[in-house]
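For reference, the structure is listed below as structure tokens.
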Amino acid sequence: MQPAPVLCGIGTSLPDRVVTNDDLAARLDTSDEWIRTRTGIRERRTVDPGTATGDLAHAAAQGALKSAGSAAVDLVILATTTPDHPCPATAPHVAQRLGLTGVPAWDLAAVCSGFVYALACASSFVRSGSAARVLVIGADTYSTITDPDDRSTRAIFGDGAGAVVVRAGTADEDGAIGPVTLGSDGSLKDAILVDAGGSRRPLPDGLAQDGRYFTMQGKTVFRHAVERMSQSAEKVRTEAGWSTGDVDCLVAHQANARIIDAVAAQMGLAPEQCALSIERLGNTAAASIPLAMAEAARSGQLRAGSRVLLTAFGGGATWGAAALTWPDVTPVSI
Ligand code: UT7
């Protein structure tokens, strides 16, 4: 019988520094009221200089391995768009720091959909029998790529990391990951963009250059995010054989509370069925889904056996969704 991927551990890591809306309003032309009412965000975490995505990823991974009760892993996938260096990937170094030297490890760049993409890869490796235990990490430090003077991005993003362990098991176990769907639309490539620093527009020698910061066409992204997240979540719900009433919790990418409300409304779900970490953490990009899952598990919103839909939309554009039942796990925060 083909093995089924089963989520069996979850860990998180957040930087200590809290940046409130009032902190931002003290130096940018914005207000707590605007940010709260337009996005649902009250505060976010940011790393101090010297702390990189790999550091948060390493800590979250340690938590996930502890939560899973075993440090054994035969594959590491790190979803991020803020790697420690443009080259090489951050995942091999994270793996080495975890004592996993020799294990295949790579970064996956699907922006805010990265965690769902990485979970899909992990699930496929497990289903095919190519891996028995996979560490999936979503980690980002957008404070390192957003312009400190740009209120439209600085107010939204926060830094953080979340990780899960996926093991080979059976489809009827709590934690079993069911249908997964992924998609992309490159015609939207400019809607979320860091223009310079890649091969199309390399940064010349010197300091800050035009195009090095993250930009976003907010309204365009908003519209596509609602459409793609609700459609993909509905797709996996149907493929899982669940009715709308069967769904206990929607864990959507935490981009904007209004987007999550709109996705839930389109799917016929109540706002209380949505996991929400955005108020305290902002948009943590690839980390947002595992961070929201962990918070929902800690609060009791997610319990063993809960039927969960994950859904995300991000730059590229990319999107993806997955259906799973929640396992009996305790999230570990490091
Ligand atoms: O994570 C990847 C996926 N990302 C998303 O899904 C994000 C999707 N988009 C959004 O969440 C929203 O579009 C935003 C929160 C980014 C922006 O909200 P909006 O209601 O769409 O505002 P807008 O971009 O249309 O801007 C309206 C006004 C503009 O001023 P003017 O040009 O009308 O004078 C902005 O400059 O709001 C201004 N604005 C702000 N004002 C105060 C933008 N950001 C701020 C701010 N404080 N922080």
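What's counted below: heavy atoms across the whole structure, side chains too, no hydrogens, waters or symmetry copies. What you are looking at is a predicted structure, and each value in this text was computed from that prediction instead of being measured.
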[Y] side chain reached by [X] side chain, heavy atoms, under 4.5 Å:
X	Y	value
Val308	Thr325	no
Leu65	Val73	yes
Arg44	Asn283	no
Val226	Arg223	no
Val164	Met293	yes
Leu309	Met267	yes
Leu119	Val180	no
His224	Thr220	yes

Less than 4.0 angstrom from a charged side-chain N to a carboxylate O is my criterion; do [X] and [Y] meet it?
X	Y	result
Glu295	Arg298	no
Asp16	Arg45	no
Arg154	Asp147	no
Arg167	Glu173	yes
Glu239	Lys235	yes
Asp246	Arg307	yes
Arg36	Glu279	no

Hey, any chance [X] and [Y] share a hydrophobic cluster, counting ILVMFWY side chains that come within less than 4.5 Å of each other, even indirectly?
X	Y	result
Leu56	Ile334	no
Ile10	Leu98	no
Ile278	Val18	no

Indicate the atoms forming the closest heavy-atom contact of [X] with [Y], along with that distance.
X	Y	answer
Ala312	Ile289	CB-CD1, 3.9 Å
Leu14	Leu281	CD1-CD2, 3.7 Å
Ser31	Ala25	CA-CB, 4.1 Å
Ala52	Asp84	CB-OD1, 3.4 Å
Ala323	Ala240	CB-CB, 4.1 Å

Between atom [atom1] of [X] and atom [atom2] of [Y], what is the distance when rounded to the nearest 0.5 Å?
X	Y	atom1	atom2	answer
Arg42	Ile35	CZ	CD1	11.5 Å
Cys274	Asp261	SG	CG	6.5 Å
Leu250	Met229	CG	CE	8.5 Å
Thr90	Ile137	OG1	CD1	10.0 Å
Thr215	Asp190	OG1	CG	8.0 Å
Ile192	Cys112	CD1	SG	6.0 Å

Would you please say whether a donor-acceptor pair under 3.5 Å links the side chains of [X] and [Y]?
X	Y	answer
Thr82	Thr53	yes
Asp22	Thr20	no
Asp107	Thr80	no
Thr284	Tyr142	no
Thr146	Thr153	no

Decide if atom CG of Asp328 counts as having more than 12 heavy atoms of other residues, nucleotides or ligands within a radius under 6.0 Å.
->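 At most 12 heavy atoms, drawn from other residues, nucleotides or ligands, come within 6.0 Å of this atom.
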
For Arg303, look at atom CZ and say whether over 12 heavy atoms of other residues, nucleotides or ligands are found less than 6.0 Å away.
->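 Open.
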
For Ser288 and Gln254, what are the C-alpha separation, side-chain angles and deciding distance, and is it a side-chain hydrogen bond (donor to acceptor under 3.5 Å, both in side chains)?
-> CA-CA 6 Å; Ser288 97; Gln254 308 282 300; 5.6 Å; no

[X] side chain to [Y] backbone, donor-acceptor under 3.5 Å:
X	Y	value
Thr181	Ser232	no
Ser306	Leu302	no
Asp140	Ala285	no
Arg38	Arg258	no
Gln266	Glu227	no
Ser67	Gly9	no
Asp159	Val47	yes
Thr311	Ala321	no
Asp29	Arg151	no
Ser113	Thr318	yes

Given Leu78 and Trp106, is the side chain to side chain contact (heavy atoms under 4.5 Å, CB included) satisfied, shown in steps?
-> CA-CA 6 Å; Leu78 169 58; Trp106 69 88; over 6 Å; no

Kindly state each residue pair satisfying ring pair (Phe, Tyr, Trp, His ring centres under 6.0 Å) with at least one member in residues 289-334, sequence neighbours excluded.
->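 Non-adjacent pairs meeting ring pair (Phe, Tyr, Trp, His ring centres under 6.0 Å): zero.
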
Going through the distances and angles, do Leu75 and Leu135 end up as a side chain to side chain contact (heavy atoms under 4.5 Å, CB included)?
-> CA-CA 6 Å; Leu75 200 64; Leu135 177 61; over 6 Å; no

Could you go through the side-chain hydrogen bond (donor to acceptor under 3.5 Å, both in side chains) check for Ser143 and Thr141 one step at a time?
-> CA-CA 5 Å; Ser143 66; Thr141 51; 5.6 Å; no

Worked verdict on Glu43 versus Asn21 for side chain to side chain contact (heavy atoms under 4.5 Å, CB included) | CA-CA 6 Å; Glu43 60 186 45; Asn21 292 347; 5.8 Å; no

Evaluate side chain to side chain contact (heavy atoms under 4.5 Å, CB included) for Val165 paired with Val134, printing each intermediate quantity in order.
-> CA-CA 6 Å; Val165 177; Val134 185; over 6 Å; no

